[in-house]
Every structure is written in C-alpha cells, then in structure tokens.
Amino acid sequence: MDLDTIRAVTVARERADLGVVGGSCGVLAGGTFLFSEPQERLERLVDITGLGWTALSETPEGLEIAATCTLAEFAGAGPGRELGLPMLRNEWPGTALFAPGCRALLASHKIWRTATVGGNVCLALPAGGVLGAVTALDGVALVWSPDGTDRRIPLREFVIGPGVQVLRPNEVLRSITIPMRSLLSRTAFRKIALSPLGRSGAVVMGRREPGDRCALTITAATSRPIVLDFAEPPSSAQVHTAIESIDPALWFDDPHGAPDWRCHVTGRLAAQVAAELCPETGEPL
C-alpha cells in the first residue's frame, strides 16, 4: 500500500539518527505491517536496517537477536542449523521453538524474508508467534532511549494488551537476549486454530531448564503473553489449577475463537506440553 502521507524516508547510520523517532516519525525495518494499511499520523520514516546490526550473535549472557533479524533468519537458528556462530545449534535445544513460533504466523516465505523479529514483538498482537517464542524462552528486550540510556525489559512484561507495549515515546527496540539457561532447556510446542490456515486460536510453548524449573507460556488465546512458572515439573492437576487462576478478562475474544473455547483448549494443550516435558509425572499425553 502506498503511504501518501510520508514526505521523507531517511536511513539511520548511527544511534544519533534515531533522535527524530516519535510523533509523526515512525521506524521502518521490514515494513510488512507498516505498508499493509494507512498510517495517517506518520509523515516521516527512519529506516533502521542501515544500522547494520548482526542478526544473531553470541554474548556472555546467551544469544542476542537484533530487532532487524528477519523471520527467516530467526527460524533458521533451530537445532542443527549453521548460522556462522562458533557453536552448533544442537548445543542449544531451546532454539527449537524458533521455527514453530514463525510457523504459527499466517505468512508466506516472502514475508518471512522481510518481516523482522522486532516488528513482530513491537506489534504486540495476541497471535504474535515470534513474540510468543522469545517470551517462552524468558527473553529480555534491550531498548534504546532518546537520552542515550538503555532499558532492559523482560519480554513477559513488554506487552500489556492487544497492540500495546511499554515502549515510551521516541524509544527503539534494539535487540532481545535469550539467556543461556533457556537455550539449554528442553521445549515443547502446541497450537490449535479453527481452520488449517487460520489465525492461531491458542498456542502453548513450554520449557524445562536443566535445573528442572518449568514454564508454560500462553499466547494467541490471551490478550497478552501469560507465563506460568513452576519450580519443579508440574502434574496435570497443577497445570489445570494454574490455567483456572488466569484472569477471565485476559482470554481473547475475536472471530477466531470465543474466550471459553480458548480457555478450554489452552488447558488441553498445556497439559500435553507439560506431559511431554515432564514424563516422570506419569500423566498421559
């Protein structure tokens, strides 16, 4: 779609070039959502792809994913894949959630090669598949503030409602870091939708860390990602109790699923994820 309100597009080459972001000036990365509908409040765009951020890089904390990393690059970082990092991906089993997170999106491979991790996270849509994956792995967002300072925000606190996140005016998402304990975790994934190619009705992603701490992350079914933490492998009864404790107002309601249906199927999916991660609990899949 042509954005006929845009009067200028500039390419950022350094952090100082982002000082104009905010108000009528928006951020351009992949642009797959930006150019999908009118953006009447915007008059200028700043293209952040010119900053040259490395898509995926190893840090002392874990794996840093640049906001400009494409979905294709993100999905390709699964176990056994080579991306030029100094280790094999099968040493990081937690990355197995990357590809199914992308597949939870209704998008062509053309979109995958253009859309970005940062765009999916900042859109804060309930069915944000990449948002779900990085939240399930306890990712932490690095945010650049206009005064030159940085903020680090856990992804589980980043989204507060459908399409609403905690970025302040003029702030830009720089990257997301997945901690090593999550990269070393076993994971499981379940998804359900009302139609084969429809928007996800409920997605549950789970991880079990080397120390047996477990977490189940619910997306698509709720208005924001919900993380259920367990100090040890949970039984199906514990999972059921945790699902029942979710605020009823958080179950999302749209043509892709009613709240009561979403609550019910999420409980079933969560029990399956827990059983896959924790077979010693003796619960059937």
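Because only heavy atoms are used, hydrogens play no part in the values below, and waters and symmetry mates are left out as well, while side chains stay in. One-based numbering along the sequence shown. For clarity, every value in this text was computed on a predicted model and none was experimentally measured.
Ionic pairing of D47 and R13 is not present here: no N-O contact between side-chain nitrogen and carboxylate oxygen is shorter than 4.0 angstrom. Between R181 and E209 there is a salt bridge, since a side-chain N of the basic residue sits under 4.0 Å from a carboxylate O of the acidic one. Look at R207 and D138 and you find a salt bridge, because one of the NZ, NE, NH1 or NH2 atoms lies within 4.0 Å of a carboxylate O, short of that distance.
Residues L34 and L28 are in side-chain contact: their nearest non-hydrogen atoms beyond the backbone lie under 4.5 Å apart. Annotation: side chain of L56 is in contact with side chain of L63 (closest heavy-atom distance under 4.5 Å). A heavy-atom distance below 4.5 Å is found between the side chains of L194 and W261. Counting heavy atoms from C-beta outward, V143 and V172 have side chains that stay 4.5 Å or more apart. With a 4.5 Å cut-off on side-chain heavy atoms, V27 and V46 do not count as touching. Under the 4.5 Å side-chain criterion, counting only non-hydrogen atoms from C-beta, I243 is not in contact with H240. At a threshold of 4.5 Å between non-hydrogen side-chain atoms, the residues F189 and E276 do not count as touching. In this structure the side chain of L137 never reaches within 4.5 angstrom of the side chain of L183, judged on heavy atoms.
R208 meets the side-chain hydrogen bond (donor to acceptor under 3.5 Å, both in side chains) test with D212, E280; sequence neighbours excluded. Listed by chain and residue number, nothing satisfies the side-chain hydrogen bond (donor to acceptor under 3.5 Å, both in side chains) test with S24 (two or more places apart in sequence, or in another chain).
The line from OG of S200 to CZ of F252 is 12.5 Å long, rounded to the nearest 0.5 Å. I160 contributes atom CD1, which lies 9.5 Å from atom CZ of R224 (distance to the nearest 0.5 angstrom). For the atom pair W92 CH2 and M180 CE, the distance stands at 5.0 Å (nearest 0.5 Å). Put simply, CD on E40 and OG1 on T5 are 7.5 Å apart, with the number rounded to the nearest 0.5 Å. Of the inter-residue distances, the one linking M205 atom CE with T187 atom OG1 reads 9.5 Å to the nearest 0.5 angstrom. Taking SG of C122 as the reference point, atom CZ of F158 lies at 4.5 Å (rounded to 0.5 Å).
Of the residues V166, L142, I176, the one that meets the side chain to side chain contact (heavy atoms under 4.5 Å, CB included) test with I153 is V166. Of the residues L228, V203, L250, the one that meets the side chain to side chain contact (heavy atoms under 4.5 Å, CB included) test with I218 is L228. None of T222, D253, D254 except one satisfies the side-chain hydrogen bond (donor to acceptor under 3.5 Å, both in side chains) rule with R262; the exception is D254.
Side-chain contact annotation: T241 with E244, donor-acceptor N/O pair under 3.5 Å absent. E171 and S145 share a side-chain donor-acceptor pair at under 3.5 Å.
Here the shortest heavy-atom pairing between A274 and P234 reads CB-CG, 4.3 Å. Nearest heavy-atom pair across W251 and P259 is CB-CB, 3.8 Å. Between E73 and A55, the shortest heavy-atom distance links the atoms OE1-CB, 3.5 Å. The two residues G118 and L173 have their closest heavy-atom pair at CA-CD2, 3.8 Å. Of all the heavy atoms in S182 and I178, the pair that sits closest is CB-CG2, 4.0 Å. Here the shortest heavy-atom pairing between G26 and L42 reads N-CD2, 3.7 Å.
For the ring pair (Phe, Tyr, Trp, His ring centres under 6.0 Å) condition, the pairs that include at least one residue of residues 118-156, sequence neighbours left out, are W53-W144.
Residues L216 and I192 are members of one and the same hydrophobic cluster, defined by side-chain heavy-atom contacts under 4.5 angstrom among Ile, Leu, Val, Met, Phe, Trp and Tyr. Both L105 and I65 are part of a single hydrophobic cluster, where members link through side-chain heavy atoms under 4.5 Å apart. Following chains of ILVMFWY side-chain contacts shorter than 4.5 Å, one cannot reach F33 starting from F35, and the two form parts of different hydrophobic clusters.
The number of heavy atoms from other shown groups lying within 6.0 Å of CZ (R151) is above 12.
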